[in-house]
Amino acid sequence: MTGASTSLAQRQADFLRAILDDAAPLPEGWSNRQTAGMAVYRGNYRAALLGSLTDTYERTARYAGDQPFAQASINHVIKHPPTGWTLDDAGVGFDATCAQFFGQNPEISELAWLERAMLDLATAPDTTPMDPAAFGAATAAFGDAEWEALRLEFGPRATCRLVEHDLAMIWRSLGEDAPVEGDGAPLTTSETNGYIRPNAQLSEAQACIVWREGERPTFIMAQADHVDAFAIMQEGATYADLIGQLIGDDLDPSPESVHEAAMRAGAILGQWLQEGIITGINP
């Protein structure tokens with residue numbers, strides 16, 4: 001690298017630091033006019049990133065409230081400036097920022113994760129789900145060996161994680177101008193921007209599975225064991241591996257334990273087929 005190139009790279013690095021950090025020194029040799037212009041440029045840059053995060057995390061912003069969300073967003077873009085060519089990259093990892101910023105409301109981080117997963121799925125390649133009839137036809141001649149070796153295929157960017165809050169309830173309540181009522185969900189007195197936060201704490205953690213249904217990203221809440229089941233099957237595990245995982249650490253399981261695990265694996269598989277999460281099999 002030539003001296004001129006080194007100098008240009010250094011000036012660019014100094015310029016970026018000055019944009020991101022108010023306390024950072026300005027590039028050497030700047031005039032008063034350039035210094036004043038930096039304040040305007042910095043404001044425009046942050047406003048663009050803040051607007052991008054507000055668009056990406058529309059429901060999270062409404063749930064958290066304008067001012068707290070703006071503070072979390074500014075914190076995020078300063079510490080994690082986008083590195084890609086699109087403003088959508090500004091929101092990568094925002095759920096982790098929310099987990100730190102909204103420690104008393106962990107559901108905000110879970111909601112931010114869900115919104116990001118839905119955004120990523122919006123641009124995923126098209127796939128066709130395998131319905132129960134097609135699956136039945138494809139596996140009609142399977143014997144024990146074929147079932148044990150069965151592998152599943154899922155749509156690109158489908159994902160699943162464990163959550164402590166009913167994201168389906170929160171999502172519905174944020175979809176309209178007024179909070180959802182009359183569905184058995186108790187409402188708290190916690191209010192932001194006229195929105196009453198529903199009491200969405202789950203008695204037990206559940207799985208949140210996110211995938212694309214046709215052209216529409218969607219999600220469901222399911223029992224917690226779907227998380228590990230989805231993870232290993234998405235990575236290429238066999239149906240026999242899934243049953244083994246459901247059996248657990250027992251090195252000498254009883255016939256009853258094996259039967260229960262096999263029944264549970266069948267129930268999980270059946271739910272995925274009914275929802276359209278599976279796109280194919282690879283025996």
Side-chain angles (χ1 to χ4, degrees), residues 46-80 82 87-123 157-213 216-222 224 226-227:
R46 292 181 179 175
L49 292 181
L50 180 58
S52 176
L53 262 68
T54 302
D55 290 342
T56 300
Y57 299 98
E58 180 181 358
R59 281 176 165 83
T60 306
R62 187 179 178 201
Y63 188 94
D66 291 342
Q67 188 60 34
F69 181 83
Q71 292 174 347
S73 298
I74 292 172
N75 181 278
H76 180 77
V77 299
I78 289 175
K79 291 185 177 180
H80 308 283
L87 278 176
D88 288 343
D89 289 346
V92 173
F94 186 58
D95 59 309
T97 297
C98 289
Q100 297 175 345
F101 203 86
F102 300 107
Q104 299 301 312
N105 294 97
E107 72 274 21
I108 294 178
S109 173
E110 294 178 352
L111 179 60
W113 167 84
L114 176 58
E115 285 204 271
R116 182 73 209 186
M118 301 277 272
L119 174 67
D120 290 342
L121 279 162
T123 56
R157 303 179 196 169
T159 188
C160 180
R161 65 162 284 182
L162 201 66
V163 297
E164 303 286 343
H165 300 83
D166 188 344
L167 296 184
M169 179 198 299
I170 295 175
W171 192 269
R172 289 195 309 271
S173 71
L174 289 164
E176 303 294 340
D177 292 335
V180 173
E181 298 187 60
D183 60 356
L187 299 178
T188 71
T189 57
S190 178
E191 182 174 334
T192 56
N193 297 352
Y195 165 71
I196 303 175
R197 294 175 178 165
N199 180 9
Q201 178 72 48
L202 294 167
S203 58
E204 295 182 356
Q206 292 185 11
C208 180
I209 308 175
V210 193
W211 77 102
R212 203 168 92 174
E213 187 177 66
R216 182 176 66 93
T218 190
F219 72 97
I220 59 167
M221 304 294 293
H226 281 253
V227 175

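Note that the structure is a prediction, hence the values are computed from the model and not measured.
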Heavy atoms, side chains only, cut-off 4.5 Å: are [X] and [Y] in contact?
X: V163; Y: E107; result: no
X: M221; Y: L202; result: yes
X: L174; Y: L111; result: yes
X: L119; Y: Y57; result: no

Can you name the nearest heavy-atom pair linking [X] to [Y], along with the distance?
X: P198; Y: M169; answer: CB-SD, 3.6 Å
X: A64; Y: F102; answer: CB-CZ, 3.9 Å
X: G103; Y: P106; answer: O-CD, 3.9 Å
X: A72; Y: T97; answer: O-CG2, 3.7 Å

Can you measure from [atom1] ([X]) to [atom2] ([Y]) and round to the nearest 0.5 angstrom?
X: H165; Y: R197; atom1: NE2; atom2: CZ; result: 11.0 Å
X: R212; Y: M118; atom1: CZ; atom2: CE; result: 12.0 Å
X: C98; Y: Y63; atom1: SG; atom2: OH; result: 12.0 Å

Going by side-chain contact (heavy atoms from CB on, under 4.5 Å), F94 matches just one of T56, V77, L53, N75. Which one? L53
Any donor-acceptor pair under 3.5 Å from [X] side chain to [Y] backbone:
X: S173; Y: I170; answer: yes
X: E115; Y: T60; answer: yes
X: R161; Y: V227; answer: no
X: E110; Y: L167; answer: no
X: D166; Y: A168; answer: yes
X: H76; Y: D95; answer: no

Would the number of heavy atoms belonging to other residues, nucleotides or ligands and lying under 6.0 Å from CD of Q71 be above 12? yes
Side-chain donor-acceptor contact under 3.5 Å, E213 with T218: no
